[in-house]
Amino acid sequence: MREKTWVDGLLDYFLNSSTAVKVLASIIAIVGGLIVGLVIMLILDPSRAFAGFSTILFGLFRNGTQSIGNMLYYAVPIILTGLSVAFAFRTGLFNIGATGQLTFGAFFAVYVGVNWTFLGSFHWVVALLAGGLAGAFWGMIPGMLKAFRNVNEVVASIMLNYVAMYFSTLMVKTTIYNQSVARAFGPAESAQIPKGFFETLTNGSSLNYGLFVAFLVTAILHVILAKTTFGYQLKSVGFNRDASRYAGMNEKRNIILAMTIAGAVSGLAGAIMFLVPGRFLTIESNLLQEGFTGIAVSLLGLSSPIGVLIAGIFYGSLEIGGFYLQVTTQFVPELIEIIIAAIIYISALALFFQNIIYKTLKKRKDARLEATHE
Amino acid sequence: MTPVIEMNGITKEFPGIIANDNITLSVQEGEIHALLGENGAGKSTLMSVLFGLYRAEKGKILVRGQEVDIKNPNDANELGIGMVHQHFKLVDTFSVLDNIILGYEDVDRGFLKKDEARQKIIELSEQYKLKIDPDALIRDISVGQQQRVEILKMLYRNSDILIFDEPTAVLTPQEIEELMKIMKALVKEGRSIILITHKLNEIQQVADRVTILRKGKKIDTLDVKDATNEMLAERMVGRKVLFELEKDPHAPGETVFECEGLTMRDPKTQKAVVSDMHFTVRQGEIVTIAGIEGNGQTEMVYGLTGLKPIERGAITLNGQDISHEPILRRNLIGLAHIPEDRQRYGLVLDYTLANNLILHNYFEDRFQSRGFLDKQAIESFAEHVIDKYDVRSSNGADSMARSMSGGNQQKAILGREIERDTDVIIAVQPTRGLDVGAIEFIHKELLALRDQGKAILLISLELDEVMRLSDRIIVMYEGEHVGEFDPAKTSPEELGLYMSGSKRKEA
């Protein structure tokens, strides 16, 4: 009789844990996406492909703590929009309106940031909350339409993305317009999210307290979903609306609340993006990409808050890798977008991978069992 | 004589379960061979292997003495094997004729040769007394007729080995009678039939031989004339089964659940699906609504429980008018509901068993404090239900509901609803699709509840069940109350006449 080794233990662990298999599938998707990126680089410029590829992977270590700080700085809004999408998704709703909620939140945050200078040291907190509240309102609208009129939240929130975008350009022009540079004023210094000790810790990177907001929101959403009766209801409605109704849950209220919370989180993302020096609301008609990246990150993070946090940070690292890629080689940063897209495509095949992983593990285990019997 | 079908040592595995373990089956030409077993015993898997839906890991299949490799249903069809599935595979908006020729069309330069097909179908239907209008649309004909279309489909393809998967589940007693005659006529013509079933009476009625499966293994093959129901049941379940339940005399108390003039309309077609329905249920009695599927029972229950709004009528629960109350209020006043569709309404399949068991009461103080779920209390409540109602699963309270068998899912729902300790319980087809052991268990529990003084409204399509459990029987036909019966003074045949609309009592 052969002794049970750690390999058997590991096989058993993966065979019995669907989460572990899912995580493995996500990791395969990431590796697959990176390989696609590498192949493209090899085609474009074989001689520098590997150097460029290592820049993508390890760019975040290039400038010590500063690049790590910047990576986190990039990651924060993505984590938040990812959380927004993931939270709604757990309630069975597809929040494709994160970008609209983000834009709406960003405008109000900046508006408060520019005008309400009387608030003193609370200024940035109020501006941040204004962004969250505005986003909540913008998320609530498709929630209510869904709950009371059964309007598909995907359609409603896509439309509201454009409404938010044009609303923002209109309001910027009429309220906080900086004529000389044809864009909005930046927030007053008191409204900028403080960098605090990050300033010295990360050697002057752009990282600010927004990171704590991302951590805090992750923790709160995790606790709501995993521990509370509220989360129990939300997930129940998300998994099976009919059974939840049958059990007497108020699925309409849950849908509205879920969308409102999701909106608030996207609104916070908007506030954090624009309550910084050097970034301004524009009057161009462009949807902000961070909202859509959130969908990808949510998918990659398996719609779990902690998964999204990790996926968001990973995204930040690619982003910083892309930045250095542009600086040090002639590869275009769009390559990063292609890699992300490939990862998303591959993670859409997650189920397929899960089955393959399961079968491979099972085969390994059977083979080992048979070896044992001999 | 060479058997027409021989399956030797068939083994088929699914992740975590061996559905067929070295099963051997041999079917003679011209016989009706029943395949008996509980749900999950591997009957359907075995037939799916024969029909080419699954491929076995081990084993051989011989058709008329020739070893064959059946890769897909087309291969099976070519070998003359046809199957009537439990859930019919018909296109609703196509005519009977179109459905029969679908996938087997005769074509002349790209044009369908429908006239010849029609001729052949009419001939077949006359030969086997399968009365059918070839031009009717599937959605307009009854379930019994749809089944005939499925049978005709097999005959049209010249199949002479016919597999029937639980064919009587959806039929009335009269329709079952008809089907049995048709099956006998088919074997007389030299065709062979494999009948998948868990109903012992049907086997006694038509089958020549029976093969019994239990937990993926073949237990026995018997001549039906040598087998009694008790014997078959024992081999199927693996222990003795009670056929007659002890039932105390009926001693009803006060009326606790009442419905008057209940009328509901289909929002799309504006047709009344429930009209002027009325009944009362008293403490300590089981009142059964009998009827053929699709006669408004489902909608009526939705109306009673609040899942759908009602148009007119009054529903009274414990003296309170609940006609327009939200579901939560009805639950709290004291209405338990064992739903018809346990996967759609009864369970959140992606929740663990423990989470499913608190679906109605998660907000009660015993399961939470200040909005935080009390994991331990939930777990121990789950253990209690699992223990008391013998709910089996791979991983106890932490099992995903999705991974549980139908019978255990139903036991979990039953346990949950009983534990809510309400005065009124609505049980809709509580034993649908379950095996003998589980049915026996659920029947006993329902009778025990009745004896405790609960008021039970049972909705059932199975006349055996209706006769066995009811204190009063109400027949529903096309959404209406067409008669009330005392089970001691009526027969399944009489009920069948009312259920099919042939007779009705004047109110």
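We use all heavy atoms of the structure for the numbers below, so side chains are in, but hydrogens, waters and symmetry mates are not. Convention: sequence-line order gives letters A, B, ...; per-chain numbering from 1.
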For this session: Find the one option among B:Pro339, B:Gly346, B:Gly306, B:Pro326 whose heavy-atom pairs under 4.5 Å with chain A are most numerous.
Result: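 Answer, by heavy-atom pair count under 4.5 Å with chain A: B:Pro339.
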For this session: For chain A, find which of B:Met400, B:Arg329, B:Arg330, B:Arg416 contributes the most heavy-atom pairs closer than 4.5 angstrom.
Result: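 Most heavy-atom pairs under 4.5 Å with chain A: B:Arg416.
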For this session: Of all the heavy-atom pairs spanning B:Leu359 and A:Ser236, show the shortest one and how long it is.
Result: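 Reported closest heavy-atom pair: CD1-OG, 3.9 Å.
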For this session: Of all the heavy-atom pairs spanning B:Leu373 and A:Tyr232, show the shortest one and how long it is.
Result: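 Heavy atoms only, the tightest pair is CD1-CB, 3.8 Å.
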Part of [X] within contact of chain A (heavy atom distance under 4.5 Å):
{"X": "B:Ile358", "answer": "both"}
{"X": "B:Asn355", "answer": "both"}
{"X": "B:Asp350", "answer": "both"}

Exercise. With sequence neighbours excluded, what pairs up with B:Lys71 under the salt bridge (charged side-chain N to carboxylate O under 4.0 Å, His left out) test?
Worked result: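 Here the qualifying residues are B:Asp69.
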Exercise. Say you draw a straight line from CZ of A:Arg241 to CZ of B:Arg344; how long is it, rounded to the nearest 0.5 Å?
Worked result: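 Reported value, rounded in 0.5 Å steps: 11.5 Å.
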Could you list the donor-acceptor pairs under 3.5 angstrom formed between side-chain atoms of residues 142-155 of chain A and any protein atom two or more places apart in sequence or on another chain?
unit_1, atom_1, unit_2, atom_2, d
A:Lys146, NZ, A:Glu153, OE1, 3.2
A:Asn152, OD1, A:Val154, N, 2.7
A:Glu153, OE2, A:Phe94, N, 2.9

How about [atom1] on [X], more than 12 heavy atoms from neighbouring residues, nucleotides or ligands closer than 6.0 Å, or not?
{"X": "A:Phe292", "atom1": "CZ", "result": "yes"}
{"X": "B:Gln270", "atom1": "CD", "result": "yes"}
{"X": "B:Tyr54", "atom1": "OH", "result": "no"}
{"X": "B:Arg392", "atom1": "CZ", "result": "no"}
{"X": "B:Phe363", "atom1": "CZ", "result": "yes"}

For this session: For residues B:Leu347 and A:Tyr246, determine if any side-chain heavy atom of one lies less than 4.5 Å from a side-chain heavy atom of the other.
Result: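 Sidechains of A:Tyr246 and B:Leu347: no contact.
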Problem set entry | Top of A:Ser244, A:Gly231, A:Ala247 for chain B proximity - count of heavy-atom pairs under 4.5 angstrom |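 Result: the option with the highest number of such pairs is A:Ala247.
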Exercise. Under the 3.5 angstrom rule, does the side chain of A:Asn240 hit a backbone N or O of B:Tyr345 as a donor-acceptor pair?
Worked result: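 Not at all, since once roles are kept as given, no pair shorter than 3.5 Å links the two residues.
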Exercise. So which bits of residues 420-429 of chain B come within less than 4.5 Å of chain A, counting non-hydrogen atoms only?
Worked result: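 None at all.
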Please tabulate, one pair per line, all N/O donor-acceptor pairs under 3.5 Å involving side-chain atoms of residues 254-265 of chain A, not counting sequence neighbours.
unit_1, atom_1, unit_2, atom_2, d
A:Asn254, ND2, A:Gln233, OE1, 3.0
A:Asn254, ND2, A:Asn250, O, 3.3
A:Thr260, OG1, A:Ile256, O, 2.6

